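Please read the structure below before turning to the comments.
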Amino acid sequence: MEQFASLIDRLIYTRSRNSKIALIADYLRTTPDPDRGWALAALTDGLDFPAVKSSTIRNLLMERVDPVLYALSRDFVGDTAETASLLWPDYGTPKNPPTVAEAVARLDAMTRATAKRELAGLFDQLDTNGRYALIKLATGAMRIGISSRLAKVAFAQAFDKSVDDVEEYWHGQRAPYGPLFDWAEGRAPPPSHEDVPLFRPFMLAHPLENLDIDLTDYAAEWKWDGIRVQLVHVAGQTRVYSRSGDDISGTFPEVAASLSIPAVLDGELLVRGTHQGGEEGGAASFNALQQRLGRKTVSKAMLADYPAFVRLYDILIERDEDLRPLSWDQRRERLEQFARALDPRHFDVSPVIAATHIDELTVIRAEARDNAIEGVMLKRRDSPYVAGRRTGLWYKWKRDPLLVDCVLMYAQRGSGKRSSFFSDYTFGCWNGDPDQGAELLPVGKAYFGFTDEELKWLDKYIRAHTTARFGPVVETDKSLVFEVAFDSVHESKRHKSGLAMRFPRINRIRTDKPAHEADRIDTLRALIAD
């Protein structure tokens, strides 16, 4: 556990991406099985211990230290793991610290009834760094600047493997990934995934920054505003995967049940436009799809009111033939042929936009305000389907964001590196004329879009203009205006304003604009697409 704790500590204080990769790679090369596998699972969100939650840690600490001291410390530090690891009473040099595998086994055996007692025993066996690493591992809240992709890149670097191969063989493996390490170190062939409906890595796009594009080389199609999914049917089993590789088949059972031909398909999961915008039979807004997301069980009423379908982009595998090495043109032809055998209630093919020049496409893109359109995709016609982002092959050209001026209402400290800063901002618009007694109603929350220097300025401003505190949240004096960028706005019964923004972010800090000149709810409501 000491080596894992040291790795976590060094990763926290390392800013360079390449340096982080080198640290993880060295750990994977030099740490024995199964510790390195469990550590890798922790870094890639592959562990879950139902009996251990942040509340478990909090309740345990408040039994061992003064509750007021804990509350004040947690509020100041902004991170439960750091607070708990520092406040936990030390009883001399820890004895017999567990290995990572031993810690995982004990965490996995815990129940809600035994968790506090068992955790206390583990904490007593560890020093401050060890407790911090254990809490991060146990709660699944690493937040140390390591993405799943970065950890896989480190794995590839550690054993001189292609990251594409690592992505290909990763899915379907379980921690502590013995077969994966055996392959990486040359002791065994790659893990087999025949007869198993496994996820394949998506091909991704770069943002389009240069309009010097020849449309004879590229195909243009809409970027639909749903969620990217992959459908896999193998040996009589069908799975629906999200872009992160999570199995969401249970949330969309009608889609999973509708594919019975062996294949791997890439597309956008959408909801039929029977309400909340969108043409009848077409695609509704993301707000409609959101009613289905995250549900473990789906009622008959939900299936009827929000019928899901997939708008297909690509075909990776058909029966036993891997089509990924083929060009986009060839795969497109195969996709259109394949789609003829599918149920049109649950599948259609994303159309190619008829444009022969980038100027023509620019006009078409500018006029697209359909609820379900997020922008345009440009795909090189001779491109194979390769994992990750490859320069020059696929580009995404999102439509220009909508802008509205809002007033800062509340702020909350962030997590991880931002735990000392107020970095999460709730903002609102006026529900009428502010000079006639109108009030501000919250319309969104954002925690990005600003520079590090602007974050420091905002933190200082908020501390000087705080008027009330509600636990970790502070209320400000409603004097600072943000220009907020967002992709779309929809009706929402869950928000007091009756509106919800899609992807809001801080576009500009408007210190030049008085709060009473910020926009009104009616202005925002007028931006709802018909």
Side-chain angles (χ1 to χ4, degrees), residues 162-174 179-180 183 189-205 219 221 224 226-270 308-352 377 379-388 390 393-394:
S162 159
V163 69
D164 291 345
D165 286 344
V166 173
E167 284 274 18
E168 182 79 9
Y169 302 132
W170 181 282
H171 296 280
Q173 301 301 309
R174 294 176 178 270
L180 203 64
W183 160 70
S192 173
H193 49 243
E194 292 183 7
D195 299 327
V196 181
L198 292 184
F199 171 82
R200 270 75 172 183
F202 278 111
M203 184 168 180
L204 305 174
E221 60 183 281
W224 299 99
I227 62 169
R228 183 99 174 266
V229 293
Q230 186 177 109
L231 289 98
V232 185
H233 181 90
V234 173
Q237 302 178 71
T238 302
R239 297 287 184 271
V240 182
Y241 292 107
S242 69
R243 66 179 295 151
S244 58
D246 295 326
D247 186 346
I248 58 173
S249 310
T251 306
F252 299 95
E254 75 274 42
V255 174
S258 62
L259 180 62
S260 58
I261 307 171
V264 178
L265 304 173
D266 178 352
E268 195 84 4
L269 186 69
L270 300 158
F309 74 104
V310 176
R311 185 150 284 165
L312 297 171
Y313 293 140
D314 218 318
I315 182 167
L316 284 65
I317 297 174
E318 183 179 3
R319 300 190 187 277
D320 296 328
E321 185 180 0
D322 189 343
L323 306 181
R324 288 174 291 181
L326 300 182
S327 68
W328 180 90
D329 275 333
Q330 292 170 309
R331 295 195 313 277
R332 176 72 185 199
E333 183 178 351
R334 295 287 292 269
L335 175 65
E336 291 176 354
Q337 293 173 354
F338 184 88
R340 295 186 189 120
L342 300 178
D343 186 343
R345 294 173 301 172
H346 298 297
F347 296 98
D348 62 22
V349 177
S350 182
V352 174
M377 294 291 297
K379 299 179 179 179
R380 190 169 177 87
R381 291 182 176 276
D382 59 1
S383 64
Y385 192 103
V386 289
R390 300 298 179 91
L393 298 185
W394 285 12

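Hydrogens, waters and symmetry mates are skipped; everything else that's a heavy atom, side chains included, is used. Note that the structure is predicted; figures quoted are calculated from it, not measured.
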Item checked: Charged N-O contact under 4.0 Å between R311 and E221 -> no
Item checked: Distance in Å, R380 CZ paired with S327 OG, rounded so as to fall on 0.5 Å steps -> 11.0 Å
Item checked: For D314, side-chain hydrogen bond (donor to acceptor under 3.5 Å, both in side chains) partners two or more places apart -> R331
Margin query: Test: ring-ring contact (aromatic ring centres under 6.0 Å, His included). Region: residues 230-270. Which pairs qualify, not counting sequence neighbours?
Written below: F199-Y241
Next item on the list: Please report the shortest heavy-atom distance between W328 and W394, naming the atom on each side.
Entry: CD1-CZ2, 4.5 Å
Note to self: Would you say that L198 contacts V232 through its side chain, given a criterion of any heavy-atom pair below 4.5 Å between the two side chains?
What the structure shows: no
Check: Under 6.0 Å from the CZ atom of R243, do we count more than 12 heavy atoms belonging to anything else shown?
Finding: no
Notebook entry, point to check: Under the side-chain contact (heavy atoms from CB on, under 4.5 Å) criterion, do F202 and D266 qualify, and how do the steps go?
Noted result: CA-CA 8 Å; F202 278 111; D266 178 352; 3.5 Å; yes
Next item on the list: Check the pair L312 / F338 against side-chain contact (heavy atoms from CB on, under 4.5 Å), numbers first and verdict last.
Entry: CA-CA 11 Å; L312 297 171; F338 184 88; 5.6 Å; no
Check: Any side-chain heavy atom of F309 within less than 4.5 Å of one from D348?
Finding: yes
Checklist line | For the student: nearest non-hydrogen atoms of P384 and P325, plus distance | finding: CB-O, 3.8 Å
Notebook entry, point to check: Could you state the interatomic distance from CG (L326) to CD (E333), rounded to the nearest 0.5 Å?
Noted result: 10.5 Å
Note to self: Working to the nearest 0.5 angstrom, can you tell me the gap between L269 CG and I227 CD1?
What the structure shows: 5.0 Å
Notebook entry, point to check: Who passes side-chain hydrogen bond (donor to acceptor under 3.5 Å, both in side chains) against R334, sequence neighbours left out?
Noted result: E318, E321
Note to self: Under the rule for salt bridge (Lys or Arg N to Asp or Glu O under 4.0 Å), what residues qualify as partners of R332, not counting sequence neighbours?
What the structure shows: E336
Note to self: As a quick check of understanding, evaluate side-chain hydrogen bond (donor to acceptor under 3.5 Å, both in side chains) for S244 and D246, giving each step before the final call.
What the structure shows: CA-CA 6 Å; S244 58; D246 295 326; 2.9 Å; yes
Margin query: To check you understand the geometry: which heavy-atom pair defines the closest contact between P201 and E168, and what is its length?
Written below: CD-OE1, 3.8 Å
Check: For the residue pair A387 and R390, what are the closest heavy atoms and their distance?
Finding: O-NE, 3.7 Å
Item checked: SB check R200 D322 (cutoff 4.0 Å) -> no
Notebook entry, point to check: Taking atom CG of L316 and atom CG of L335, what is their separation to the nearest 0.5 Å?
Noted result: 10.0 Å
Notebook entry, point to check: Would a 4.5 Å heavy-atom cut-off, applied to side chains only, mark T238 and P197 as touching?
Noted result: no
Item checked: Value rounded to 0.5 Å, distance of CD in Q330 from CG in D382 -> 10.0 Å
Margin query: Under the rule for ring-ring contact (aromatic ring centres under 6.0 Å, His included), what residues qualify as partners of Y169, not counting sequence neighbours?
Written below: W183
Note to self: Using every non-hydrogen atom in the two residues, find where R228 and M203 come nearest and quote the distance to one decimal.
What the structure shows: NH2-O, 2.9 Å
Next item on the list: Work out which heavy atom in V229 is nearest to a heavy atom in I248; give both atom names and the distance.
Entry: CG1-CD1, 4.0 Å
Next item on the list: Kindly compute the distance separating CG (L393) from NZ (K379), expressed to the nearest 0.5 Å.
Entry: 12.0 Å
Check: Which pairs with one or both residues in residues 250-265 pass side chain to side chain donor-acceptor pair (under 3.5 Å), sequence neighbours excluded?
Finding: E254-R292
